[in-house]
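For the numbers below, each heavy atom of this structure counts, side chains included, while hydrogens, waters and symmetry mates do not. Because the structure is predicted, anything quoted here is derived from the model rather than measured. Throughout, protein chains are lettered first and strands after them, A, B, ... in sequence-line order, and every chain is numbered starting at 1.
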Amino acid sequence: MIDIRLLRNDFKSVKKAISRRGEDTDSLDLIIGLDEKQRSIAEKRDQLRNEIKELSRRVGDLHKSGKTDEASPLQESSREMREKEEALSEECDQLSTEIRELLLRVPNIPAEECPNGESAEDNVVVRVEGQSDEAWENYQRVPHWEIGETLGILDVERATKLSGAMFAMYTGLGATLCRALIQYGLDRNADAYREIRPPTLVLTETMVSTGHLPKFADDAYHLERDDLWAIPTAEVPLTSYARDEIISESELPMKLMSHTSCFRREAGSAGRDTRGLLRVHEFDKVELLAYATPEQAQEVHEDILSRAESAIADLGLSYRILDLCSGDLGNSSARTFDIEVYAPGAEQWLEVSSVSWFSDYQARRANVRYRSEEAKGTSVVHTLNGSGLAVPRVWAAIVETYRQEDGSIRIPDPLLPYMQGVKSIN
RNA sequence: GGAGAGGUGGCUGAGUCAGGUUGAAGGCGCUCCCCUGCUAAGGGAGUAAGGGCUUAAUAGCUCUUCGAGGGUUCGAAUCCCUCCCUCUCCGCCA
């Protein structure tokens, strides 16, 4: 959620910044009008409340000194004021609710450095590492769903039997590889990130904090009976880890990581990328997340990016890094770098990590603050996160990239410690 | 799921069953000052968050918040109702 005071103080710049996303900004005009109205009513309401308090105090004194008869006219006028106060209060509450509902749907303000653009086409390629398209051998140009079936390590057909389309099931060494990737993803970041194993079912409030609700309810699984949501990413519980808390500055940056299952309905993408592991409803991921001061944010952003990148690079995969343009930026983010891995068999770039700086957008929703050492009072923290390792797409890229001429798959060196002595899958 | 106890500030803990400067005693912690070879002990002062308005600023005024919501009342931490959560015991269970 953006700071409404920013809107009051510098309406034009905010509007201009939001419109860089290609979003309609009419709601901003609406909000600023309602806000003005709300404040003027609140002022009158508070004035009345003050007068009522004053009267009550006098009534109390009169009762104490036995002058009960003198109290009744005061009580009468207090009752009248209360009626007015209640009317104003109600109006004021309605406006506040309306403002909040609108404000929750306003996306974050893109960072100045975020490049201009309308769509994914305009994302800036920061760098490309690894093999060029022509360099791949023919035996590497086999899609992972075919490899997986042949080697008995991926069973999409049975997964569909159990859960329907766009679910996957890893079998045998395929499952071991999956587990190895998770271990690898966690262990390499354990030097700086504290491991958390959070719940994967969360309250509505927890989903609102990251910005996944109310705007993107269709993308998430909801357990209606208990009003719980299946998390689409560990970003959701981790962002709420410190919800409604005040962190002391000495604890920042606070770095956390989690391995969880992630659940996505993929509402808008039915029929797209349906083969194999390209897009699935449930998958495993290691997520890195940090709370930071605004001053620390830049450095932490780079830290998460370099960790996410090196995890891919060390596996020997080809990848590229994109600086997302304003039109493609996620709703809650101010700046995002995507890491896309190249899958030579599927012949696609697959997004494996979005490393984002959310400025104070999520933390304001989650009410995570910190007490600064010099300035008095509290300030809202910044949140940052990115996937340290997203299993299915990395799994797919490994299987395709490491396919040998004989059809076997060589296990990349960094994963060997996690593979129980298995060096290749035949 | 059943029975009981309870949810108050950074923590602890009074106040609730006699409703009236109680945003809330005391203690701990923390900050500053004094005392003091050092440390410890001692003495003093301060110490919730959020919103609005005024101000160049320091600051001031005001409202809200004692788990949440509603009710009674001139006035609610305190009385009534509903819900949520925590703890203990029982049942069930990985």
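Between A:E351 and A:R393 there is no salt bridge, since none of the side-chain N atoms of the basic residue sits less than 4.0 Å from a carboxylate O of the acidic one. A:K67 and A:D61 are not joined by a salt bridge, as no carboxylate oxygen comes within less than 4.0 angstrom of a charged side-chain nitrogen. Ionic pairing of A:K215 and A:E23 is present here: one or more N-O contacts between side-chain nitrogen and carboxylate oxygen are shorter than 4.0 angstrom. Using a 4.0 Å cut-off between charged nitrogen and carboxylate oxygen, A:K161 and A:D155 do not count as a salt-bridge pair.
A:E251 places its CD atom 12 Å from the C1' atom of B:G10, with the value rounded to the nearest Å. If you measure from atom CZ of A:R8 to atom P of B:C53, you get 6 Å, rounded to the nearest angstrom. For A:Y370 and B:A48, the OH to P distance is 21 Å, given to the nearest whole Å. Distance, A:D227 CG to B:C84 P: 13 Å, rounded to whole Å. In this structure, A:E85 atom CD and B:U64 atom C1' are separated by 11 Å, rounded to whole Å. Remark: C1' of B:U64 and CG of A:D93 are 11 Å apart, rounded to the nearest angstrom. Distance CZ (A:R364) to C1' (B:G50): 13 Å, rounded to an integer number of Å. Going from atom CZ of A:R57 over to atom P of B:C74 covers 18 Å, rounded to whole Å.
For the C1' atoms, the distance from B:U72 to B:C80 is 7 Å, rounded to whole Å. Of the P atoms belonging to B:C17 and B:G7, the separation is 14 Å, rounded to the nearest Å. B:U31 sits 12 Å from B:A40 when the P atoms are compared, rounded to a whole Å. B:G6 and B:C79 are spaced 12 Å apart, taking the P atom of each and rounding to whole Å. Using P as the reference atom, B:G51 and B:G10 are 16 Å apart when rounded to the nearest Å. Separating the C1' atom of B:U78 from that of B:A14 is a span of 13 Å, rounded to the nearest Å. Using atom P as the reference point in both B:A68 and B:C11, the two lie 15 Å apart (nearest Å). B:A76 and B:A18 are spaced 15 Å apart, taking the C1' atom of each and rounding to whole Å.
B:A24 is unpaired under the criterion used here, namely a Watson-Crick or G-U wobble arrangement in which both key atom distances are under 3.5 Å. With a cut-off of 3.5 Å on both Watson-Crick or G-U wobble distances, the partner of B:G19 is given as none. In this structure B:A56 sits in no base pair that meets the Watson-Crick or G-U test at under 3.5 Å. Searching all strands for a Watson-Crick or G-U wobble partner of B:G29 with both distances below 3.5 Å returns B:U47. Pairing partner, B:G37: none, since no Watson-Crick or wobble contact has both distances short of 3.5 Å. Remark: B:G6 base-pairs with B:C85; criterion is Watson-Crick or G-U wobble with both hydrogen-bond distances under 3.5 Å. B:C79 is paired with B:G71 under the Watson-Crick or G-U wobble criterion, all donor-acceptor distances under 3.5 Å.
Here A:R79 lies in heavy-atom contact (under 4.0 Å) with sugar-phosphate atoms only. Contacts of A:S72 with the nucleic acid, taken as non-hydrogen atoms under 4.0 Å apart, are absent. Across all strands, A:R82 comes closer than 4.0 Å only to sugar-phosphate atoms, never to a base (heavy-atom distances). The residue A:S78 sits close only to the backbone: its heavy atoms come under 4.0 Å of sugar-phosphate atoms, none of a base.
Side chains of A:E98 and A:Q94: a donor-acceptor N/O pair is absent below 3.5 angstrom, by distance only. Between A:E235 and A:T210, the side chains place no donor N or O within less than 3.5 Å of an acceptor N or O (distance only, hydrogens not considered). Between the side chains of A:N108 and A:S332, not a single donor N or O lies within less than 3.5 Å of an accepting N or O.
Listed pair A:T378 / B:G50 meets the phosphate criterion, a side-chain N or O lying under 4.0 Å from OP1 or OP2. For the OP1/OP2 pair of B:C53 and a distance below 4.0 Å, the side-chain nitrogens and oxygens of A:R39 include at least one atom meeting the criterion. Put simply, A:N50 has no side-chain N or O that comes within less than 4.0 Å of OP1 or OP2 on B:U62.
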CA sep, side-chain torsions, deciding dist, call: A:R264, A:E266, salt bridge (Lys or Arg N to Asp or Glu O under 4.0 Å) = CA-CA 5 Å; A:R264 299 184 180 183; A:E266 302 291 352; 5.1 Å; no

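Across B:C74, B:G51, B:U64, the shortest atom-to-atom separation from the side chain of A:R5 is found for B:G51. Ranking B:A49, B:C74, B:U64 by closeness to the A:R371 side chain, first place goes to B:A49. Comparing B:G20, B:G52, B:U64 by their closest approach to the side chain of A:R49 singles out B:U64. The side chain of A:K53 sits closest to B:U64 out of B:G50, B:U64, B:C74. In the set B:G51, B:A49, B:G52, B:G51 carries the atom at the smallest distance from any side-chain atom of A:D46.
Glycosidic torsion of B:A18 falls within 90° of 0, placing the base in syn.
In terms of position along RNA chain B, the nucleotide closest to A:D61 lies nearer the 5' end than the nucleotide closest to the other residue of the pair A:E86 and A:D61.
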